[in-house]
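The figures that follow rest on heavy atoms only: side chains count, while hydrogens, waters and symmetry mates do not.
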Amino acid sequence: VSRCTSFDLTVSGWQKMENPGTQSAGTLYCPHPLRLSIVAEEVATFYAKMLDHEYTSKEIFQKNFFTDWREEMTAEERDLICEFSKCDFGEMHRYFVEQSEKKKDMSKEEKEVLKEETKKLTEEYGYCLLDGHKEKIGNFRVEPPGLFRGRGEHPKMGKLKKRILPEDIIINCSNDSKTPEPPKGHKWKEVRHDDTVTWLASWVENVQGSIKYIMLNPSSKLKGEKDWQKYEIARKLKLKVETIRKEYERDWKSKEMKKRQKGVAVYFIDKLALRAGNEKEEGETADTVGCCSLRVEHITLHKELDGQECVVEFDFLGKDSIRYYNKVPVDKRVFKNLKLFMENKNPEDDLFDRINTTYLNKTLNNSMTGLTAKVFRTYNASTTLQEQLSKLTSRMWHKLLSYNRANRAVAILCNHQRTAPKTFEKSMQNLQQKIELKQKQLDEAKAELKKAKSDYRESKTEKLKRLVEQKEKMVKRLQEQLKKLQLQMTDREENKVIALGTSKLNYLDPRISVAWCKKFDVPIEKIYNKTQRDKFAWAIDMTNEDFEF
DNA sequence: ATCACGACTTGATTCCACCACC
DNA sequence: GGTGGTGGAATCAAGTCGTGAT
């Protein structure tokens, strides 16, 4: 813990203390400033830094923060500071705003020095040796203390995430390697030599009690091999999927309710690429669901909707509290079953009350070794990309736009969303302006062409003929440019709340993209940036244009 | 069957450096 | 030369799924 500066936390509403007691907690006046102990001050700064963030205004966030903050206070501070609403973090906040201004105003040279320092750190700590190969580490820094920000309505938002000390950290390295030295005056919690796992270091995080790991970068051989395996299993599913579909269709008629539920659940997972939906501890996390944890309240059945029969309307919060909303026409038998599953249940009851992910995965594994619910997502995503690419790629279209569209189809399937960029509206307006300008130019060019043509009809000179040709060319070029801009506009509009990155990185067999690039003579750099090329090096190496997922 | 835990993948958001544009 | 827009990297939360104890 280091004190960068000393703040005065302004606390109002108390009378002057005659003798506050300790040296660290200074004199408190009403409503004058209070000097905090180092530990309490640091925690206070965590909050102060976030002041203009929306979640600091949330009651749960404030409550959790205040409770944890008070635990870090000295007894005296705890006596003085008992009401959150009377604390003013303004001065601290201003300090950090100033700091970031200062950082921005640093000279080029100063920035260069900093850059050099981080580079040195990366070189020293950012790599490890695995089976004699130097490999990049993904996250080689321990997570710093701060306030926990969960996603969605997280019951633990605002809680203090404590500082991790060497005494909390387990090091995992091989027997014969040189054990990394702990910082001076400290010891590691443990040094072990477990070659059945891939992590290099771990610690237990205090908010959720979960284990955090230091692991290798996706570019490493270890991760690459795993990635390749994943896609191979998904390809195996492609060969087997018709049989599996017949299996679960049979389940829809089973006299065992459990089997029926399983059959419908797998149908959803297959058709809609839903996640498995493990059960979660209530009150510990945000209330989100996946397939197996769907509740009655998350679906609405429509015998008929918008001219379609047997429509299921899904509306629930999935991973990261991202809303899944979809209206899907389903098989009649599925529809009937759903009705049955919902009978005599309350909205908050489980839709599939007889099954869970463990059971579901067990039966999937019986159908095909290695098959689990998530394989369907990978399979579905990669197949969709391949289909869309062959459907959309044409000479007429800009190839990258085709790729984007195919990628987008997958992102929509997987419900990968993002919050629209802050600058979205503005950049759309700019584009719109460009389009209008281009349109005007085109109109003018067209008029000129018309005139040139009529001139040419008047007197058929060679010169005028060339003028007509020239104007025709001009119109054509402008038309193309306009079309390109409009396409770009559509592309951007369609991408407003869709995130392409996740599917590209985790669901799309890179060999599909590599093969497509080779087939259509698109440089791989147009599709994958440097990091991505490193991660997918295995695929770039082994794939030719004939690859089929 | 149920549970807790451990390891690993997947995911949105935030941060930051760079580059086109004025 | 400043600046704002953007893509890529970093961050760290939140899933999936397997294991082993009860």
When we call it a touch if two heavy atoms are under 4.0 Å apart, what does [X] touch: a base, just sugar-phosphate, or nothing?
X         : answer
Lys362(A) : nothing
Glu205(A) : nothing
Gly138(A) : nothing
Lys156(A) : nothing
Thr358(A) : nothing
Arg151(A) : base
Asn278(A) : base
Ser210(A) : nothing
Ala373(A) : sugar-phosphate
Pro144(A) : sugar-phosphate
Ser202(A) : nothing
Gln532(A) : nothing
Tyr507(A) : sugar-phosphate

**Request:** Take Lys136(A) and Gly318(A), find for each the nucleotide of DNA chain C with the closest heavy atom, and name the residue whose nucleotide sits nearer the 5' end.
**Result:** Lys136(A)

What is the distance, rounded to the nearest whole Å, between atom [atom1] of [X] and atom [atom2] of [N]?
X         : N       : atom1 : atom2 : result
Glu225(A) : dC8(B)  : CD    : C1'   : 16 Å
Leu216(A) : dC8(B)  : CG    : C1'   : 12 Å
Asn361(A) : dA1(B)  : CG    : P     : 15 Å
Trp203(A) : dG6(B)  : CH2   : P     : 15 Å
Phe316(A) : dG15(C) : CZ    : P     : 12 Å
Glu279(A) : dT16(C) : CD    : P     : 10 Å
Gln417(A) : dA14(C) : CD    : C1'   : 16 Å
Ile322(A) : dG11(B) : CD1   : C1'   : 9 Å

Please tell me if [X] has a side-chain N or O lying less than 4.0 Å from either OP1 or OP2 of [N].
X         : N       : answer
Asn506(A) : dT9(B)  : no
Arg275(A) : dA14(C) : no
Lys115(A) : dC16(B) : no
Thr372(A) : dC17(C) : yes
His154(A) : dA14(C) : yes
Lys212(A) : dA13(C) : yes
Thr419(A) : dT13(B) : yes
Gln208(A) : dA14(C) : yes

**Asked** For Trp228(A), does the CH2 atom have more than 12 heavy-atom neighbours from other residues, nucleotides or ligands under 6.0 Å away?
**Response** no

**Item:** Smallest separation among heavy atoms of Ile498(A) and Arg418(A), with atom names
**Value:** O-NE, 3.5 Å

Which nucleotide, [options], lies nearest any side-chain atom of [X]?
X         : options                   : result
Lys374(A) : dG15(C), dA13(C), dT9(B)  : dT9(B)
Lys161(A) : dT16(C), dA14(C), dA13(C) : dA13(C)
Val197(A) : dA7(B), dT6(C), dC18(B)   : dA7(B)
Tyr213(A) : dG18(C), dG15(C), dC8(B)  : dC8(B)
Arg377(A) : dG11(B), dG6(B), dT9(B)   : dG11(B)
Arg141(A) : dT11(C), dA12(B), dC8(B)  : dT11(C)
Glu143(A) : dT14(B), dT16(C), dC12(C) : dC12(C)
Lys230(A) : dT10(B), dC8(B), dA13(C)  : dT10(B)
Lys319(A) : dC12(C), dG18(C), dA14(C) : dA14(C)
Asp320(A) : dC12(C), dA14(C), dT13(B) : dA14(C)

**Residues Ser174(A) and Asp195(A): side-chain donor-acceptor under 3.5 angstrom** = no

**Item:** Ionic contact status for Lys221(A) with Asp131(A), cut-off 4.0 Å
**Value:** no

**Prompt:** Distance-only, no hydrogens or angles: does the Asp541(A) side chain make a donor-acceptor pair with backbone N or O of Trp538(A) under 3.5 Å?
**Reply:** no

**Message:** Check the orientation of Phe352(A) and Phe341(A). Use parallel for under 30°, tilted for 30 to 60°, and perpendicular for over 60°.
**Reply:** perpendicular

**Prompt:** Within a strict 4.5 Å, meaning less than it, do heavy atoms of the Pro182(A) and Ile169(A) side chains meet?
**Reply:** no

**Message:** I want to confirm an ordering. Mapping Ile211(A) and Lys226(A) to their closest nucleotides on DNA chain B, which one lands closer to the 5' end?
**Reply:** Ile211(A)

**Fill in**
Result for side-chain hydrogen bond (donor to acceptor under 3.5 Å, both in side chains) between Glu284(A) and one of Gln208(A), His154(A), Lys156(A) points to Lys156(A)

